[in-house]
Amino acid sequence: MFRLVLSNLTQRLARTLLTAAAVALSVSLVVSTTSGYRSGEVTVRQFAEQYLGSADFRVSAGMGAEALPGSLLEEVRSDGQVRSAFGRYETSLQMRNSEGEWTAGQMSLLGVDPLQDSYLERLPLSYGRRFTGPDAAEVVLDQGAARILKVTIDDTLELPGPNGPTKLTVVGVVHKPELVAALLQTIYVPLNTLRRIVAPETPDSLTGIIGEYELDVDSEAFLERWQARLSESGHNWQITPVREQREALDNGLRGMNLLSLMGGMVSLLAATFIVFGTLSMGVAERQRTLAMLRAVGATRPQISASVIFEGTLLAML
């Protein structure tokens with residue numbers, strides 16, 4: 001039976017090779033689909049961990065709410081159940097590249113205080129250095145922003161503001177996952193510098209406060225107490241646990257896993273039809289040959305086994 005199958009495959013060598021190639025491509029599609037979704041999921045999770053760090057809660061201004069005052073950060077820090085807290089200022093602006101051309105869309109600007117916020121330290125440095133103080137006239141870019149703005153180390157970047165553009169020196173480029181950098185380009189600016197440029201009337205304002213609990217803190221009671229305190233201010237300020245943000249991320253990634261599963265199932269189904277279609281065509285063409293084999297003594301199980309064995313060899317190949 002083995003020689004019979006081998007003879008049939010070699011006599012139709014072109015079809016055998018094309019069938020094997022088609023099955024290989026369909027299996028490659030399965031691998032590329034599932035691994036592509038998986039790598040995207042891992043990239044998003046890694047960046048989320050870098051962004052959130054070990055934070056436990058986040059105070060933010062809701063939709064249409066005023067920015068958070070610097071005094072609120074001091075109140076959070078003075079809470080006996082808070083181990084540490086730091087502020088951030090986030091905004092987005094349309095920028096000019098080194099050739100004076102406006103970018104197609106707005107870029108994200110993130111103001112951080114390197115003396116208190118370790119976020120920038122968690123991003124791997126491609127080249128250059130990070131700024132060392134909250135008042136420095138310097139910026140750090142991710143690789144996506146540096147590529148679009150066409151700047152490198154020691155180049156000057158103009159940051160637009162209500163009082164006119166301010167020139168800042170590019171001192172470093174950090175590396176973000178390429179998928180994230182392609183979708184979201186970020187310019188990292190010292191916290192006080194960014195607030196003076198984009199919000200000169202309220203230079204102590206913040207868009208977010210991130211903090212960590214002390215040990216053995218009842219997180220639910222803490223959040224309820226602070227949410228009531230923020231609601232009393234009359235602003236749409238909110239405090240949310242970072243854990244909920246991670247859960248929301250997990251819920252979003254479940255859809256990606258489902259798409260990955262569906263893509264793999266479709267690819268495997270395609271591979272099955274390729275093998276089945278090839279074998280069916282071969283059996284139809286070899287009806288006379290198979291009838292002759294039956295006439296000289298081959299049994300029905302032998303004929304069936306030869307066809308199945310042939311398909312198994314193609315699939316294994």
Would you check if the side chain of [X] reaches a backbone N or O of [Y] as a donor-acceptor pair within less than 3.5 Å?
X: D79; Y: V76; value: no
X: Q227; Y: Q238; value: no
X: T207; Y: R88; value: yes
X: Q94; Y: T103; value: yes
X: D56; Y: Y213; value: yes
X: T193; Y: A136; value: yes
X: D113; Y: L191; value: no

Margin query: Please list all pairs meeting salt bridge (charged side-chain N to carboxylate O under 4.0 Å, His left out) that have one or both residues in residues 183-209, counting only residues at least two apart or in different chains.
Written below: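 Checked against salt bridge (charged side-chain N to carboxylate O under 4.0 Å, His left out) - neighbours excluded - the pairs reaching residues 183-209 are D135-R196.
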Margin query: Can you pull out every salt bridge (charged side-chain N to carboxylate O under 4.0 Å, His left out) where at least one residue sits in residues 96-109? Sequence neighbours excluded, please.
Written below: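 For residues 96-109: E99-K150.
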Transitively linked via ILVMFWY side-chain contacts under 4.5 Å: [X] with [Y]?
X: M107; Y: V173; result: no
X: L25; Y: F273; result: no
X: V171; Y: L125; result: yes

Which atoms form the tightest heavy-atom contact between [X] and [Y], and what is the distance?
X: V59; Y: L68; value: O-CD1, 3.5 Å
X: L194; Y: G111; value: CD2-N, 3.4 Å
X: A199; Y: Y89; value: CB-OH, 3.7 Å
X: R83; Y: E214; value: CA-OE2, 3.6 Å
X: W237; Y: P69; value: CH2-CD, 3.5 Å
X: L93; Y: L109; value: N-CD1, 3.9 Å

About how many Å separate [atom2] of [Y] and [atom1] of [X], when rounded to the nearest 0.5 Å?
X: S98; Y: E158; atom1: OG; atom2: CD; value: 11.5 Å
X: S126; Y: H175; atom1: OG; atom2: NE2; value: 6.5 Å
X: I210; Y: R58; atom1: CD1; atom2: CZ; value: 4.5 Å
X: S205; Y: L72; atom1: OG; atom2: CG; value: 12.0 Å
X: T152; Y: R147; atom1: OG1; atom2: CZ; value: 13.0 Å
X: R77; Y: Q116; atom1: CZ; atom2: CD; value: 4.0 Å

Next item on the list: With side-chain contact (heavy atoms from CB on, under 4.5 Å) as the test, would you mind laying out the steps for L149 and D155 before giving the verdict?
Entry: CA-CA 11 Å; L149 295 176; D155 285 348; over 6 Å; no
Notebook entry, point to check: Can a donor-acceptor pair be found between the side chains of R122 and S118 at a distance below 3.5 Å?
Noted result: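 Side chains of R122 and S118: pair found under 3.5 Å.
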When you compare the side chain of [Y] with that of [X], does any pair of heavy atoms fall below 4.5 Å?
X: I187; Y: L157; answer: yes
X: F57; Y: V82; answer: yes
X: D218; Y: Q81; answer: no
X: P134; Y: L115; answer: yes

Next item on the list: Would you check, one step at a time, whether the test side-chain contact (heavy atoms from CB on, under 4.5 Å) holds for R129 with V140?
Entry: CA-CA 8 Å; R129 62 177 177 83; V140 173; over 6 Å; no
Next item on the list: Kindly write out the residues that satisfy side-chain hydrogen bond (donor to acceptor under 3.5 Å, both in side chains) with R229, not counting sequence neighbours, or none if the list is empty.
Entry: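 Per chain and number, R229 pairs via side-chain hydrogen bond (donor to acceptor under 3.5 Å, both in side chains) with E75.
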Check: Between Y119 and F86, does the ring centre distance come in under 6.0 Å?
Finding: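 Not under 6.0 Å, so no.
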Check: Parallel, tilted or perpendicular: which fits the ring planes of W226 and F222, with parallel below 30° and perpendicular above 60°?
Finding: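 The arrangement is tilted - the two ring planes meet at 30° to 60°.
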Next item on the list: Please assess R130 against E138 for the test side-chain contact (heavy atoms from CB on, under 4.5 Å), listing each intermediate value before the final yes or no.
Entry: CA-CA 9 Å; R130 302 174 179 89; E138 302 169 338; over 6 Å; no
